[in-house]
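For clarity, every value in this text was computed on a predicted model and none was experimentally measured. Both counts, for ligands and for their atoms, begin at 1 and track the order of listing.
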Amino acid sequence: MNHERSSVLFQQAKAVIPGGVNSPVRAFKSVGADPLFIKKAAGSHIYDEDGNDFVDYVGSWGPMIVGHCHPDILKAVQDTMASGASFGAPTERETILANMVIDAVPSIEMVRMVSSGTEATMSAIRLARGYTGRDKIMKFSGCYHGHSDSLLVKAGSGMATFGVPDSPGVPADFAKHTLTAEFNSLASVKELVAGNRGAIACIIVEPIAGNMGTVPPREGFLEGLREICTNEGIILIFDEVMCGFRVAYGGMQELTGVTPDMTTLGKIIGGGLPVGAFGGTREIMEKLSPAGGIYQAGTLSGNPLAMSAGIATLNILKQPGFYEALEEKSRAVAEGIAKAAKDAGYPIYSTRIGSMFCAFFSKGEVFDWPTASQCDTRAFARYFLGMLDEGVYLAPSQFETAFVSAAHSEADIEKTIAAAAKCFKMIA
Ligand code: HOZ
């Protein structure tokens with residue numbers, strides 16, 4: 001496969017953009033290759049600058065649940081653009097999307113729109129601290145909640161990919177307020193709570209960890225967190241930036257019946273445009289400025305284009321049978337890849353919830369960061385490059401999630417499974 005033009009563009013980018021990319025995992029560094037520069041996308045396919053065509057399982061890292069360039073979203077954005085891209089003043093669309101989010105997500109009675117998932121989690125943490133009057137927060141190793149100082153401690157995603165769980169530049173005085181437990185271990189949470197009684201403002205968790213691969217919660221884990229938080233006056237925050245509107249219309253909280261106090265969202269609710277949101281009970285949310293005293297603001301918050309794309313996307317997701325059809329496709333592709341590995345004599349550990357899945361290059365179960373970090377990342381890199389050669393575009397890291405969209409066809413899925421069979425035979 002020819003990558004000549006991508007290589008030239010990468011060299012040019014490296015001269016003016018650190019590492020040649022505007023977000024680290026995109027650089028393909030951990031799989032020992034140069035990134036592809038993308039020219040366009042349509043439905044379930046993306047096309048690079050050399051004219052290569054790929055079945056896409058990155059989906060812009062989650063937002064593209066209905067596929068690229070869906071006509072309803074295109075029209076909504078074009079119509080909105082014609083009346084102005086941004087005003088820095090309220091618009092009706094913000095209330096429409098807020099109401100759709102409130103109707104969908106069990107924990108949300110009020111919501112504030114922002115421009116990214118990082119902003120959403122950062123602001124949710126500030127609100128939890130301001131509301132409780134406590135400084136400490138708890139997160140889980142391998143979970144990633146964006147790149148704000150408090151949350152960049154033992155983080156997943158790019159941090160896990162590059163093996164640098166803590167970043168220089170985060171003052172130790174900030175990081176000391178972040179306690180880190182193990183995902184799926186209530187014992188580790190209880191121990192930290194016992195040692196910090198009355199000092200913890202919130203526990204923030206990805207209810208499906210999606211930034212150390214895809215790691216579902218074990219039975220009772222989220223329920224246990226709910227109970228601990230209720231008993232200890234700790235705010236429970238579900239970071240559903242990735243799984244919100246993805247695993248079900250009401251996200252993981254709808255699927256599990258566990259309702260947090262606050263929720264962060266992003267990705268899908270912006271239909272591919274920059275967006276984030278955080279919401280929760282009326283009592284907590286009304287502490288936010290200008291209703292209350294806890295400050296948070298943004299020039300492009302509630303941006304008209306992002307709101308329109310979000311409304312159009314949610315209207316598609318609400319159509320009867322949407323999630324059932326997506327579930328069927330996702331099951332077929334994840335199970336097909338796992339079977340291809342087994343048939344090749346190279347069994348993997350396969351996880352999936354809804355349209356989020358991961359092929360862990362591990363012989364044993366993966367249920368937290370210590371088990372995820374044992375994966376054979378070199379073998380993954382060979383698999384990734386092989387799949388790319390076969391026309392399948394996966395996230396360039398073992399520690400990311402694959403996303404299926406409604407646009408993936410039977411032919412896409414067959415092609416993916418055939419490619420996987422070939423790649424696993426090569427690795428075995
Ligand atoms: N943090 C994102 C993956 N979990 C990567 C975002 C990007 O590179 O666009």
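For Phe183 and Phe367, the distance between ring centers is not under 6.0 angstrom. Taking the centre of each ring, Phe221 and Phe140 come in below the 6.0 Å mark.
Side-chain polar atoms of His68 and Asp56 form a donor-acceptor pair below 3.5 angstrom.
Between Arg226 and Asp261, at least one side-chain N (NZ, or NE/NH1/NH2) sits under 4.0 Å from a carboxylate O, which counts as a salt bridge. Classification of Arg352 and Glu327 as a salt-bridged pair holds, one side-chain N sitting under 4.0 Å from a carboxylate O.
Using a 30° and 60° split on the angle between ring planes, Tyr393 and Phe28 fall in the tilted class, from 30° to 60°.
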Between ligand 1 and the protein, which N/O pairs fall short of 3.5 Å?
| from | atom 1 | to | atom 2 | distance (Å) |
| --- | --- | --- | --- | --- |
| ligand 1 | 1 (N) | Ser157 | OG | 3.2 |
| ligand 1 | 4 (N) | Ser157 | OG | 3.1 |
| ligand 1 | 4 (N) | Asn211 | OD1 | 2.7 |
| ligand 1 | 4 (N) | Glu400 | OE1 | 2.8 |
| ligand 1 | 8 (O) | Ser23 | OG | 2.9 |
| ligand 1 | 8 (O) | Arg26 | NE | 3.0 |
| ligand 1 | 9 (O) | Arg26 | NE | 3.0 |
| ligand 1 | 9 (O) | Arg26 | NH2 | 2.8 |
| ligand 1 | 9 (O) | Trp61 | NE1 | 3.2 |

